[in-house]
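As structure tokens, the structure follows; a few thoughts come after it.
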Amino acid sequence: MSDVDQPYDEDDEDDEDDEDDEDDEDEGWPCYLSPEVEALFQDPAATGAIFSAIVSATVRINATSGLVPGSTASERWPQQRRIALGPGGSLGVAEYVIVADAPEPHCVITRVQLY
């Protein structure tokens with residue numbers, strides 16, 4: 001019998017998720033964009049490569065709770081970090097902040113410097 005014959009039931013998906021609720025902490029932290037970075041997405045001059053590089057950065061930041069391998073931290077403010085954008089950093093650098101002490105820990109990409 002194929003899935004076509006089965007009606008869609010949202011509760012079925014929720015049942016599968018119940019088993020993983022204990023592992024939710026392992027999923028990383030949300031990664032938000034500052035208004036400046038959001039404006040970059042709306043700029044018609046922003047290429048697909050730039051858009052993709054920033055989205056990729058948010059995924060890596062989320063998956064590692066901000067501790068992305070290869071990122072650099074500020075000596076003065078270790079919660080402020082930088083990550084290269086594009087292959088070998090060819091597109092620029094994104095700066096982000098790890099907000100670990102918030103009620104809901106998260107990261108924010110605060111600035112993108114394009115080359």
Does I54 share a hydrophobic cluster with V97, counting links as ILVMFWY side-chain heavy atoms below 4.5 Å and allowing steps through other members?
no
Measuring from atom CZ of R81 to atom CG of L67, what distance do you get when rounded to the nearest 0.5 angstrom?
5.5 Å
So, for Y115 and G89, which heavy atoms are closest and what is the spacing to 0.1 Å?
CE1-O, 3.2 Å
N/O donor-acceptor pair under 3.5 Å between T110 side chain and E95 backbone
yes
Close side-chain approach of V108 and V37, heavy atoms under 4.5 Å
no
Look up atom CG in L40 and atom CD in E38, then write down how far apart they are to the nearest 0.5 Å.
11.0 Å
Is it the case that one hydrophobic cluster holds both I109 and V99, taking links as side-chain heavy atoms less than 4.5 Å apart, direct or via other members?
no
Treating Ile, Leu, Val, Met, Phe, Trp and Tyr as nodes and any side-chain heavy-atom pair under 4.5 angstrom as an edge, say whether V93 and V68 lie in one connected cluster.
no
Do Y96 side-chain atoms and C107 backbone N/O form a donor-acceptor pair below 3.5 Å?
no
Supply the atom-to-atom distance R111 CZ to L33 CG, rounded to the nearest 0.5 angstrom.
15.0 Å
I need the minimum non-hydrogen distance between A53 and G86, along with the two atoms involved.
CB-N, 3.8 Å
Write down the atom of G28, the atom of S65, and the distance for their closest heavy-atom approach.
CA-OG, 3.4 Å
Please check if F41 and Y32 belong to a single hydrophobic cluster, counting links between Ile, Leu, Val, Met, Phe, Trp and Tyr side chain heavy atoms closer than 4.5 Å.
no
Tell me, with the steps shown, if R82 and S74 meet side-chain contact (heavy atoms from CB on, under 4.5 Å).
CA-CA 8 Å; R82 289 169 209 83; S74 169; 4.2 Å; yes
Point-to-point distance, once rounded to the nearest 0.5 Å, from CD1 of I98 to OG of S71
7.0 Å
Just so I know, are the side chains of V112 and I50 near enough to count as touching, which here means a heavy-atom distance under 4.5 Å?
no
When rounded to the nearest 0.5 angstrom, what is the spacing between CG in L91 and OG in S52?
9.5 Å
